[in-house]
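Scroll down for the structure; my scribbles are underneath it.
For this chain, numbers begin at 1 and follow the sequence in order.
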Amino acid sequence: MENLFDKTDAAILAKKILEALIEPIYINGHVLYVSGSIGISLYPQNNGSIQNLLHCADTAMYKAKEKGRNNYQFYSSSLTETAHERVNLEEKLLHSLNNDEFLVYYQPQINSENGELTGIEALVRWNHKHIKIIPPSKFIAFAEETGFIVPLDQWVMRKALTQIVQWYKIGLDPGVLALNLSMKQLYREDFIPVLKTILKETECKPEWVSLEITENQIVMNANNVIDTLTQISELGIKIAIDDFGTGCTSFSDLKRLPVDTLKIDRTFIQDLHHNEDDDSIVRAVIVLSKSFNIDIIAKGVETEEQKSFLIENGCTNMQGYIYAKPMMAHKMEKMLNIKYHNTIDMNEK
């Protein structure tokens, strides 16, 4: 915009753009909705060069996204530090992936009635050489936003599938490997070919794998990814909805999506027996899973009280600190060996 008398002129235009974008779009009988995030920089306040003005506007746009999207934000000097942190973090992530500084941890999933291990979830950790082990809560959201999640997901998949195949080859039984999957992967046209290639390269059987998508992602994108999820299911790979209960999945979505497992979010498990709302939600999810003939796993189980509540209400598959924290591959292998030798002992008896 040229010849601005006041910065509010830019705000008025930004608001008009947002209002125009939010209007529904009708395509082939479908109603689509689009929103926008707008960053605004001003001349000469935000440094005069074209490159700097664009950089400042880009930084302000990310601030608009953090504020919940569908809004606009002006650039201010206070955002400069945030922008530098973003650039540095992105560079560090790329460097760490290229230098094999990420680790895959494994957390067992247990049938609480008989103590049998039914599966393992693969969880990524960042083994930064200066900061040590960094949990996913510190970098996954940023990886999603920048697109770095795509190569990271594929790295984790190759690493974890290679490991589980190795365990099966030496006679251990890790059950089904659960892998978290970003919606950005499902949107890629090459995802199914890439998935088939990784399965072939690692010699992993599809029935040994379960791919997990969070409920919020499913709710927002069910119509757009149902074909891809169906192709995944047809390969023999299981599909799980993670963090179930935090979104608003409809019965119709559950009916038409090829879902094998629901994972109750840990936030509902923490206060079981102490929060009536959480008790009711967990009971309802268990009943729902049985109605649709879908397996169910409770995440974040830490106490005997939580475990007893879940068993009494029909959820026997669990994952959490009551059994084991996420661990590195060599520790997971020891746990699998104990299970293997106990099985041999029982057979001999």
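Ring planes of Trp126 and Phe139: perpendicular class, angle over 60° (limits at 30 and 60°).
Across every non-hydrogen atom of Leu161 and Cys204, the tightest pair is CD2-SG, 3.7 Å. Contact detail for Val176 and Val209: the closest heavy-atom pair is CG1-C, 3.7 Å. Minimum interatomic distance between Leu117 and Pro174 (heavy atoms only, all atoms of both residues): CD2-O, 3.3 Å. The two atoms that bring Lys196 and Leu235 nearest to each other are CE-CD2, 3.7 Å, heavy atoms only. Considering every non-hydrogen atom in both Ile192 and Gln231, the closest pair reads CG1-OE1, 3.7 Å. Summarising the geometry of Asp243 relative to Glu215, their closest heavy-atom pair is O-OE1, 3.6 Å, with the distance given to 0.1 Å.
Thr267 and Asp265 share a side-chain donor-acceptor pair at under 3.5 Å. Judged purely by distance below 3.5 Å, without hydrogens or angles, the side chains of Gln217 and Thr214 pair a donor atom with an acceptor atom. Remark: the Ser49 side chain and the Asn52 side chain contain an N/O donor-acceptor pair separated by less than 3.5 Å. Side-chain contact of Gln107 with Glu121: a donor-acceptor pair under 3.5 Å is absent, judged by distance alone.
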> Are Lys169 and Glu203 close enough, and set up right, to give a salt bridge (Lys or Arg N to Asp or Glu O under 4.0 Å), and what steps lead you there?
Replying inline: CA-CA 11 Å; Lys169 281 184 176 179; Glu203 300 180 355; 3.0 Å; yes
>> With side chain to side chain contact (heavy atoms under 4.5 Å, CB included) as the criterion, how do Gln306 and Met318 come out once you've worked through the C-alpha distance, each side chain's angles and the decisive distance to 0.1 Å?
In response: CA-CA 10 Å; Gln306 295 165 354; Met318 302 180 193; over 6 Å; no
> Could you go step by step and tell me if Tyr106 and Leu177 meet the side chain to side chain contact (heavy atoms under 4.5 Å, CB included) rule?
Replying inline: CA-CA 9 Å; Tyr106 301 89; Leu177 174 72; 4.3 Å; yes
>> Run Gln185 and Met157 through side chain to side chain contact (heavy atoms under 4.5 Å, CB included) and show every step you take.
In response: CA-CA 12 Å; Gln185 294 279 18; Met157 191 178 292; 6.0 Å; no
> Step by step, would you call Ile264 with Phe244 a side chain to side chain contact (heavy atoms under 4.5 Å, CB included)?
Replying inline: CA-CA 5 Å; Ile264 307 175; Phe244 194 80; 5.7 Å; no
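Under a hydrophobic-cluster definition in which Ile, Leu, Val, Met, Phe, Trp and Tyr are linked whenever side-chain heavy atoms come within less than 4.5 Å, directly or via other members, Val287 and Leu254 are assigned to different clusters. One hydrophobic cluster, built from ILVMFWY side chains closer than 4.5 Å, cannot hold both Leu123 and Leu97; they sit in different ones. No single ILVMFWY cluster, assembled from side-chain heavy atoms under 4.5 Å apart, contains both Met61 and Ile50. Two different hydrophobic clusters hold Ile297 and Tyr323 under the rule that ILVMFWY side chains link at heavy-atom gaps under 4.5 Å. Both Leu94 and Leu152 sit in one connected hydrophobic cluster of ILVMFWY residues. Membership requires side-chain heavy atoms under 4.5 Å apart, directly or through other members.
A salt bridge is defined here as a Lys NZ or Arg NE, NH1 or NH2 lying under 4.0 Å from an Asp or Glu carboxylate O, and Lys299 with Asp242 meets this definition. Between Lys238 and Glu212, none of the side-chain N atoms (NZ, or NE/NH1/NH2) sits under 4.0 Å from a carboxylate O, so this pair counts as no salt bridge.
The shortest distance between side-chain heavy atoms of Met1 and Leu13 falls below 4.5 Å. Counting heavy atoms from C-beta outward, Gln154 and Val194 have side chains that approach closer than 4.5 Å. Under the 4.5 Å side-chain criterion, counting only non-hydrogen atoms from C-beta, Ile237 is in contact with Leu195. Contact annotation: the side chain of Val150 never approaches that of Asp153 to less than 4.5 Å [non-hydrogen atoms, C-beta and beyond]. Thr261 places none of its side-chain heavy atoms less than 4.5 Å from the side chain of Asn317. Under the 4.5 Å side-chain criterion, counting only non-hydrogen atoms from C-beta, Ile213 is in contact with Met183. Using a 4.5 Å heavy-atom threshold, the side chains of Met327 and Met335 count as touching. In this structure, Asn337 and Leu172 have side chains that are in contact, with non-hydrogen atoms separated by less than 4.5 Å.
The backbone N or O of Gly175 lies less than 3.5 Å from a partner atom in the side chain of Tyr168, making a donor-acceptor pair. Of the possible polar contacts, one joining the Ser289 side chain to the Ile286 backbone as a donor-acceptor pair under 3.5 Å is found. A side-chain donor-acceptor contact under 3.5 Å links Thr118 to the backbone of Gln109. Side-chain atoms of Asp260 never come within 3.5 Å of backbone atoms of Ala240 as a donor-acceptor pair (strictly under, hydrogens ignored). Between the Asn99 side chain and the His95 main chain, a donor and an acceptor come within less than 3.5 Å of each other. Under the 3.5 Å distance criterion, the side-chain polar atoms of Ser112 are matched with a main-chain donor or acceptor of Thr316.
Within a 6.0 Å sphere centred on NZ of Lys65, heavy atoms belonging to other residues, nucleotides or ligands number more than 12. No more than 12 heavy atoms of other residues, nucleotides or ligands shown are found within 6.0 angstrom of CD on Glu276. Counting heavy atoms of neighbouring residues, nucleotides and ligands inside a 6.0 Å radius, atom CG of Asn293 does not exceed 12 of them. More than 12 heavy atoms of other shown residues, nucleotides or ligands fall within 6.0 angstrom of atom CD1 in Ile25.
Between Thr303 atom OG1 and Leu272 atom CG the span is 8.0 Å, to the nearest 0.5 Å. Between the OG atom of Ser35 and the CG atom of Leu18 there is a distance of 8.5 Å, given to the nearest 0.5 Å. Of the inter-residue distances, the one linking Tyr75 atom OH with Ser41 atom OG reads 9.5 Å to the nearest 0.5 angstrom. Residue Leu42 holds its CG atom at 7.5 Å from CD1 of Ile40, rounded to the nearest 0.5 Å. Atom-to-atom distance recorded for Asn98:CG and Leu93:CG is 11.0 Å, nearest 0.5 angstrom. Ile241 CD1 to Asn216 CG: the interatomic distance, rounded to the nearest 0.5 Å, is 11.0 Å.
For the side-chain contact (heavy atoms from CB on, under 4.5 Å) with Leu181, the lone residue among Leu229, Val156, Leu186 that qualifies is Leu186. A side-chain contact (heavy atoms from CB on, under 4.5 Å) with Arg283 is found for one member of Leu310, Leu288, Asn313, Asp278 and no other, namely Asn313.
Judged by a 6.0 Å distance limit and a 45° cone about the ring axis, Lys184 is not positioned over the six-membered ring of Tyr187.
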